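Worksheet for the structure shown next.
Given the structure is predicted, the values throughout are model-derived calculations rather than measurements. Just so it is clear: chains get the letters A, B, ... in the order the sequence lines come, proteins before strands, and each one is counted from 1.
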Amino acid sequence: MCAMTHPASPELDPELYLPRMASVVAVESMTAREKFFKVELSKPLGHRPGQFVMLSLLGIGEAPISISCGPRHDNILEMVIRNAGSLTRVLHRLQPGARVGIRGPFGSGFHLDDFNGKDVVCIVGGLGLAPLRSLIQPIIAQPQRFGSITIISGCRTPAEELYRDELESWSRMDQDKVSVIRLVDKTANLPWNGKIGLVTAPIPDLKINPARTLVALCGPPVMYKFVLMELKALGIPNSQIFVDLERRMKCGVGQCGHCQINHVYCCQEGPVFRFDRIENLQEALQ
Amino acid sequence: MSIKGGDSVRAFIIRKNAVSDWIKHLARKNSVSFPQRAGHSGFRFKPVLETSEIQFEHYRPTLAPPGKQLTPAREVLFKYRKNATADPMLESVLDSQARVLAGVRPCDLKAIDLMDRVNREGFSNPHYLTRRENTVIIAHDCLQPCDAACFCAATGSLHWRANADVFLTSLDDEILVECLSERGIALAQGDHFTLCENTEPHKKRAEALRTQPFGRQFPVPLEQLPAIIAKQWQSRVWEKHVEHCFSCGSCNMVCPTCYCFNVVDDFNLADGDSGTRTSTWDGCMLPNFSEVAGGHNFRPHPAARQRHRVKRKFEYLSQRFQEPGFCIGCGRCARQCTAQIDIFSIVSDLVSQGENDPCVP
């Protein structure tokens with residue numbers, strides 16, 4: 001048979017589902033449930049902040065994992081992986097030298113040019129720091145390109161805080177450029193040098209100019225509603241707020257239907273959305 | 001299969017009793033599927049053999065729609081073989097076998113067209129499109145509704161022609177054969193076929209034979225449904241129609257425009273080193289469909305899942321692909337539902353309900 005009734009797209013990739021193999025070069029425990037993975041690919045990933053990869057082990061399975069490092073010129077990819085299922089349980093047992101499969105990067109992500117000259121507020125809850133670190137890193141690395149950055153990072157107890165060393169080192173930087181507010185819901189009798197409370201608590205006291213401020217949010221579904229209420233009270237328009245959403249995804253390429261939020265495919269149009277574009281989308285936030 | 005390029009002949013007449021011979025003739029050289037009786041439970045699209053009973057027209061809609069042959073229940077995406085000293089061998093699996101889908105009704109024809117659009121969007125699906133580009137479709141007109149469950153006229157499917165390579169219209173003891181593509185022309189060859197210079201009188205005759213009104217009708221035109229249903233988020237209708245739902249997903253599995261899938265790895269127990277990554281059908285009515293790692297479920301209630309399924313057919317995909325009906329009105333979901341839930345009744349209720357009536361959490 002020859003000519004097609006319906007020509008396939010010229011970009012038809014017969015290997016769309018084939019992962020590229022990459023080496024684990026470092027694994028570090030971060031908390032009881034999360035490990036930090038540094039992986040080396042055969043070429044640079046070429047990602048934007050906020051994008052994700054499909055990470056797999058042959059014979060076990062594949063899952064979407066946020067990219068936790070800013071754009072890089074080398075072949076390194078960093079991820080934080082929570083032990084939450086069969087694939088991640090096996091991943092947690094890997095040692096440096098292990099080989100994993102990577103597809104991607106996928107998703108919309110953040111466009112750094114949107115942040116040029118802007119003051120940036122990042123509000124993260126729990127594991128939400130992992131993806132937003134990919135945005136925080138390039139902003140902190142180029143203070144002349146961006147305005148100030150404020151990081152509000154909350155988690156349940158001190159034992160669940162991710163990237164503590166980095167949060168502390170960022171908090172020691174030039175106070176006019178970088179400020180870090182670390183919170184826990186409760187100390188659980190552990191040593192703690194941050195604040196106690198929810199991530200919403202510091203928002204009313206932020207010294208910001210709403211006109212030149214962009215906000216990025218990532219956290220558990222319950223967090224968004226309350227943070228958005230506080231941001232509204234501060235006078236920040238929805239068009240200056242970005243939310244990074246989590247969904248079940250099995251393909252990463254807009255085909256499996258799992259991540260669909262109404263007519264929107266989270267893996268294609270998201271997972272990072274400018275909030276005014278999804279504010280009327282039911283089921284987006286909860 | 002040969003293509004006679006440049007052939008301008010497009011329409012023929014064939015005697016009705018010659019159709020079976022023609023289909024079997026095609027099946028000697030090609031893989032041809034045609035609806036055939038399967039046990040006590042109705043009809044299935046099955047390969048045509050010399051002994052097959054080709055009963056043109058008079059079949060109740062098959063359990064699975066013909067389009068599912070383009071997305072099998074289990075589809076191997078790639079094979080792998082691990083290697084002790086080097087990276088694993090990975091081999092993408094694409095099915096480029098030539099096939100003919102025959103005996104396709106207009107509703108299923110529309111569904112295949114919609115799935116073509118879905119699979120071409122964004123990252124094109126190489127597995128679907130490879131199979132699709134090697135598939136030829138012989139469809140036929142319906143002059144009577146299949147049964148009481150069908151509502152294809154209401155969803156704009158009854159007169160669907162785009163996509164067919166050959167389209168058959170039944171006229172008493174003969175059949176009008178219209179070849180709508182080069183590949184269709186290549187199929188309609190042989191002594192059975194008499195050239196038809198003017199198809200119009202035949203089509204008029206068929207139209208006169210068609211049942212009017214044709215099956216169940218919605219209270220408003222299809223084009224108005226997306227806007228009406230978009231306003232229904234907290235309607236009592238969602239809860240009403242889900243009362244007896246078992247969340248079994250049967251409606252998803254038999255739907256010609258449900259395409260969601262899961263992806264699983266299978267390894268070969270015999271050696272432990274080889275295996276496959278495979279996509280398997282999944283359905284949004286199943287309880288854990290939208291559950292994320294850690295246990296949060298974005299649609300924990302059956303009514304919320306029902307709402308998603310119905311809105312997907314009449315609002316979400318309509319919006320995404322600029323096509324008012326992604327439900328094609330075949331009635332399969334209602335026929336197979338373990339709790340007799342009928343999407344036609346849900347939509348009709350939503351239309352008559354009008355305004356929101358808070359209910360669903």
Side-chain angles (χ1 to χ4, degrees), chain A residues 1-21 54 56-64 82 84-85 87-88 99 101 106 126-127 220-222 246-265 267-268 282-284 286, chain B residues 1 3 77-78 80 82 87-88 90 92 94 98 116 118-127 129-130 132-134 136-137 163 165 181-183 233 258-267 272 275 277 279 282 284 289-294 296 298-299 304 308 311-312 315-317 319-320:
Chain A
M1 257 181 248
C2 62
M4 278 186 66
T5 332
H6 301 274
S9 151
E11 309 91 60
L12 196 67
D13 175 7
E15 303 196 334
L16 186 61
Y17 285 94
L18 288 196
R20 287 181 282 152
M21 300 312 291
M54 295 299 290
S56 68
L57 292 172
L58 295 174
I60 310 284
E62 186 173 53
R82 172 174 288 179
L87 172 70
T88 50
R99 301 285 276 170
F106 294 129
L127 201 44
V222 65
E246 182 190 15
R247 281 297 183 283
R248 186 184 179 93
M249 295 174 187
K250 301 305 291 190
C251 72
V253 290
Q255 292 167 0
C256 80
H258 283 89
C259 72
Q260 204 177 326
I261 309 170
N262 301 4
H263 66 286
V264 170
Y265 292 170
C267 72
Q268 301 296 292
Q282 302 280 1
E283 286 176 358
Q286 50 193 335
Chain B
M1 198 180 300
I3 309 287
L77 300 172
F78 66 83
Y80 70 84
K82 290 183 184 168
D87 272 341
L90 303 175
S92 193
L94 298 174
D116 289 353
V118 164
N119 282 285
R120 278 202 302 265
E121 197 209 19
F123 289 89
S124 297
N125 182 337
H127 302 276
L129 291 172
T130 301
R132 179 68 184 92
E133 73 186 73
N134 292 295
V136 180
I137 300 176
N163 238 25
D165 296 287
S181 74
E182 290 289 305
R183 301 198 300 183
W233 184 256
C258 271
Y259 54 84
C260 294
F261 59 83
N262 198 2
V263 178
V264 295
D265 281 19
D266 293 310
F267 65 89
R277 184 158 294 162
S279 67
D282 205 348
C284 61
F289 182 80
S290 58
E291 186 176 302
V292 294
H296 184 85
F298 289 92
R299 288 186 290 275
H308 182 75
K311 280 180 168 265
R312 213 161 174 273
E315 180 195 336
Y316 300 159
L317 295 180
Q319 191 174 346
R320 196 168 175 99

- Considering all heavy atoms of both residues, which atom of B:Lys82 and which atom of A:Leu58 are nearest to each other, and what is their separation? NZ-O, 3.4 Å
- Taking A:Gln268, A:Gln255, A:Glu62 one by one, which has the highest count of heavy-atom pairs under 4.5 Å against chain B? A:Gln255
- Item | Residue part contacting chain B, namely of A:Pro221, when any heavy atom lies under 4.5 Å | side chain
- Item | Region of A:Arg247 that comes under 4.5 Å of a non-hydrogen atom in chain B | both
- Heavy-atom pair count under 4.5 Å with chain B, highest-scoring of A:Gln282, A:Lys250, A:Met21: A:Gln282
- Message: I'd like to know which of B:Val118, B:Leu90, B:Asp87 tops the heavy-atom pair count under 4.5 Å against chain A.
- Response: B:Asp87
- Task: Might you point out which heavy atoms bring A:Gly61 and B:Arg277 nearest each other, and give the distance in Å?
- Result: O-NH2, 3.7 Å
- Among A:Met249, A:Gln260, A:Arg82, A:Glu15, which residue forms the greatest number of heavy-atom pairs with chain B at distances under 4.5 Å? A:Gln260
- Note on the structure: Rounded to the nearest 0.5 Å, the NE2 atom of B:His296 sits from the CZ atom of A:Arg248 at a distance of 13.5 Å
- Query: Is there a donor-acceptor contact under 3.5 Å from the side chain of A:His258 to the main chain of B:Cys284?
  - Reply: no
- Message: Give me the atom names and distance for the closest heavy-atom approach of A:Cys256 to B:Phe289.
- Response: O-CZ, 4.4 Å
- Message: So for A:Val264, is it side chain, backbone, both, or neither that comes closer than 4.5 Å to the heavy atoms of chain B?
- Response: backbone
- Select one option (side chain, backbone, both, neither) describing which atoms of A:Pro64 are under 4.5 Å from chain B's heavy atoms. neither
- Item | Considering all heavy atoms, the nearest B:Ser124-A:Leu16 contact | O-CD2, 3.5 Å
- Query: Ignoring hydrogens and geometry, is there a side-chain-to-backbone donor-acceptor pair from B:Glu121 to A:Gly254 under 3.5 Å?
  - Reply: no
- Message: Which one wins on heavy-atom pair count under 4.5 Å against chain B: A:Ala84, A:Pro19, A:Gly59?
- Response: A:Gly59
- Item | Between SG on residue A:Cys259 and CZ on residue B:Phe298, distance to nearest 0.5 Å | 11.0 Å
- In terms of the angle between their ring planes, are B:His127 and A:Tyr17 parallel, tilted or perpendicular, with boundaries placed at 30° and 60°? tilted
- Query: If you round to the nearest 0.5 Å, how far is OH of B:Tyr316 from CD1 of A:Ile261?
  - Reply: 10.5 Å
- Task: Can you tell which part of B:Val263 gets under 4.5 Å to a heavy atom of chain A, answering side chain, backbone, both or neither?
- Result: both
- Item | Region of A:Asp13 in contact with chain B, defined by heavy-atom distances below 4.5 Å | backbone
- Query: Can you name the one residue among B:Glu315, B:Gln319, B:Lys311, B:Arg312 that meets side-chain contact (heavy atoms from CB on, under 4.5 Å) with A:His263?
  - Reply: B:Gln319
- Closest approach of A:Tyr265 to B:Arg320 (non-hydrogen atoms, all atoms of both residues): CD1-NH2, 3.4 Å
- Message: Please identify, among A:Pro14, A:Gly85, A:Ala63, the residue contributing the most non-hydrogen atom pairs under 4.5 Å to chain B.
- Response: A:Pro14
- Message: I need the minimum non-hydrogen distance between A:Gly257 and B:Cys260, along with the two atoms involved.
- Response: CA-SG, 3.5 Å
- Message: Test side chain to side chain contact (heavy atoms under 4.5 Å, CB included) on B:Ser290 and A:Glu283; report intermediate values, then the result.
- Response: CA-CA 11 Å; B:Ser290 58; A:Glu283 286 176 358; over 6 Å; no
- Item | Distance (rounded to the nearest 0.5 Å) between B:Asp265 CG and A:Leu57 CG | 8.5 Å
- Item | Proximity breakdown for B:Tyr80 and chain A, heavy-atom pairs closer than 4.5 Å | side chain
